[in-house]
2 protein chains.
Amino acid sequence: MLMQGKNAFEIAGYAREAVQPRTSPSRGSTPCQSLLALFQMSALETVPASKAVCWEGDSASHLFQVVEGVVRLQRIIGEGRRAITAFQYAGDVVGAFVQGEFPFTAEAVTECKIRRISRKTFLSEVTGSDVLRPEYIKLLCEETAAAHEQMVLLSKKNAEERLCSFLVELASRGGAPGQTGLLQVPMNRQDIADYLGMTIETVSRTISKLAARKIVVPEGRHNLRIICFSRLSRLCGNADAFHSENCHRMGIH
Amino acid sequence: MLMQGKNAFEIAGYAREAVQPRTSPSRGSTPCQSLLALFQMSALETVPASKAVCWEGDSASHLFQVVEGVVRLQRIIGEGRRAITAFQYAGDVVGAFVQGEFPFTAEAVTECKIRRISRKTFLSEVTGSDVLRPEYIKLLCEETAAAHEQMVLLSKKNAEERLCSFLVELASRGGAPGQTGLLQVPMNRQDIADYLGMTIETVSRTISKLAARKIVVPEGRHNLRIICFSRLSRLCGNADAFHSENCHRMGIH
DNA sequence: CGGCTCGTTGAAGAAAATCAACTCGAGTGG
DNA sequence: CCACTCGAGTTGATTTTCTTCAACGAGCCG
């Protein structure tokens, strides 16, 4: 329920490629220009924060597009343990890789605007289009690559590297923090913890330590001012941190 | 289609769906029956244990099929840290989800037999076939689902749950251990550790503890006799362990 | 046999989890 | 307006789990 007042969101850059210029539905003769245009024919739905978009185990009859807001994909494994396997931002498609049943529950982190499309329609449109098909494949590949990246993080990185990786990812996926370096963090500490395989306490302590080193400055619960993005990048624990494309000079050494 | 093989490999059940009945190459008029048949037109190559099949960062001009043996997909992240993101068994395709450059190095765990096909050929065959396309999509979805499963393991499971999950996965992917309960474990302790986000010492200790509880019995470095598969399943840390399809009575409670 | 790798086991240490207290803000209601 | 509560977050103290360091053992091959 945090920050949905139309603008705070955009300021932080989360409106990545939100609503596109209206095009006519592709049903019939007009071919779709892009995957996201497929969703344009369906109504915009509003999902309140922390309400589910779809449930683990349910038959995946639909796919969803996040138009605005942030969605988390999560799995519950006994005794109150929860793992968040991905966050989906404006422009992302939820369920692209799902066949049969959803292997996750998708919940709105913030209040969200979404569109849905039936899997049947989606697949027939995609398989019938030489434009959409490679785009769909590309999407699947990116998702899998992201999953592998996350596995590396969870396998081998320590608390600080995990958090820094998360912040860098958030800055690039949620939208660049921009000149001011103000990064909006829509998810709460528990979400971050469950995404990074840590506890809220460790997340909190790690942020405090970064703050003490003047790498970031917390401004309220949901904002972090990035003082030195290049240092943040170098703390991600990637072998090639120094040559990272994220690292092209941000002014501060 | 499993087990036509005749050797030590088959005994352990790793010949999942290895070599198929010879079909003529699909180039030209004869359509392929399945994704794996696509590889039939190319020569069988032998890769010695611990030699690379492809390298991280290299342009992914080819895809590979594992015909026999086990391959590990790994990433190195500075200072000698290695993460194994997946093992690929006989019948699996390596690089299905890759576009552009390989995000991993693929290395033979055991001596392997592989076939390769150019990405260009693969994609043109797949996109041109109504049989192959859904099969390809299914493959991508399964890979992503497996990646999510692994993320849950790495996020939330303790050493024992990780190891038990691995053994159950190995039993189902590498082939059922069968009546005798003898499970072949082709990878060494370091491979297992890097796959599960642990150290070799912790892997070793965890196996010893399972052995002390008479759940498994190590027989040499690369064999484990599963005494009680249902107990192993229940130790995986999945919420639904009791109702798992792996759990249909194996005799022992 | 000696030298090697791989695996196991023990002891010590470190990182993160757990448990617990406390702060901060927002909302509620007197 | 202020006291109160409630949830989220922070911080400290303690414990647990796993890692690290080190020694040792088993199998293998020259």
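Residue numbers begin at 1 in each chain, while the letters A, B, ... track the order of the sequences. Hydrogens, waters and symmetry mates play no part in the numbers below; they use all other heavy atoms, side chains included.
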Considering all heavy atoms, the nearest [X]-[Y] contact:
| X | Y | result |
| --- | --- | --- |
| B/Val94 | B/Phe104 | CG1-CE1, 4.0 Å |
| A/Thr110 | A/Pro186 | CG2-CB, 3.5 Å |
| A/Met151 | B/Leu154 | O-CD1, 3.6 Å |
| A/Ala96 | A/Leu63 | CA-CD2, 3.8 Å |

May I have the distance from [X] (atom [atom1]) to [N] (atom [atom2]), rounded to whole angstrom?
| X | N | atom1 | atom2 | value |
| --- | --- | --- | --- | --- |
| A/Glu161 | C/dA16 | CD | P | 9 Å |
| B/Asp191 | C/dT5 | CG | C1' | 14 Å |
| B/Lys209 | D/dT16 | NZ | C1' | 12 Å |
| A/His222 | D/dT10 | NE2 | C1' | 15 Å |
| A/Glu219 | C/dG25 | CD | C1' | 17 Å |
| A/Glu160 | C/dA16 | CD | C1' | 14 Å |
| A/Lys156 | C/dA16 | NZ | P | 14 Å |
| A/Gln190 | D/dT10 | CD | P | 13 Å |

Touch class at under 4.0 angstrom, heavy-atom based, for B/Gly197 against every strand present
sugar-phosphate

Contact letters for nucleotides 20-29 of chain D, in which S counts primed atoms plus P, OP1 and OP2 and B counts the base, heavy atoms under 4.0 Å:
BB----B---

Quick one, B/Arg173 with B/Asp92, criterion salt bridge (Lys or Arg N to Asp or Glu O under 4.0 Å). Give me CA distance, side-chain angles, the key distance, then yes/no.
CA-CA 10 Å; B/Arg173 303 245 317 144; B/Asp92 289 346; 2.6 Å; yes

For B/Met198 and B/Arg205, what are the C-alpha separation, side-chain angles and deciding distance, and is it a side-chain contact (heavy atoms from CB on, under 4.5 Å)?
CA-CA 11 Å; B/Met198 314 164 42; B/Arg205 273 185 253 271; over 6 Å; no

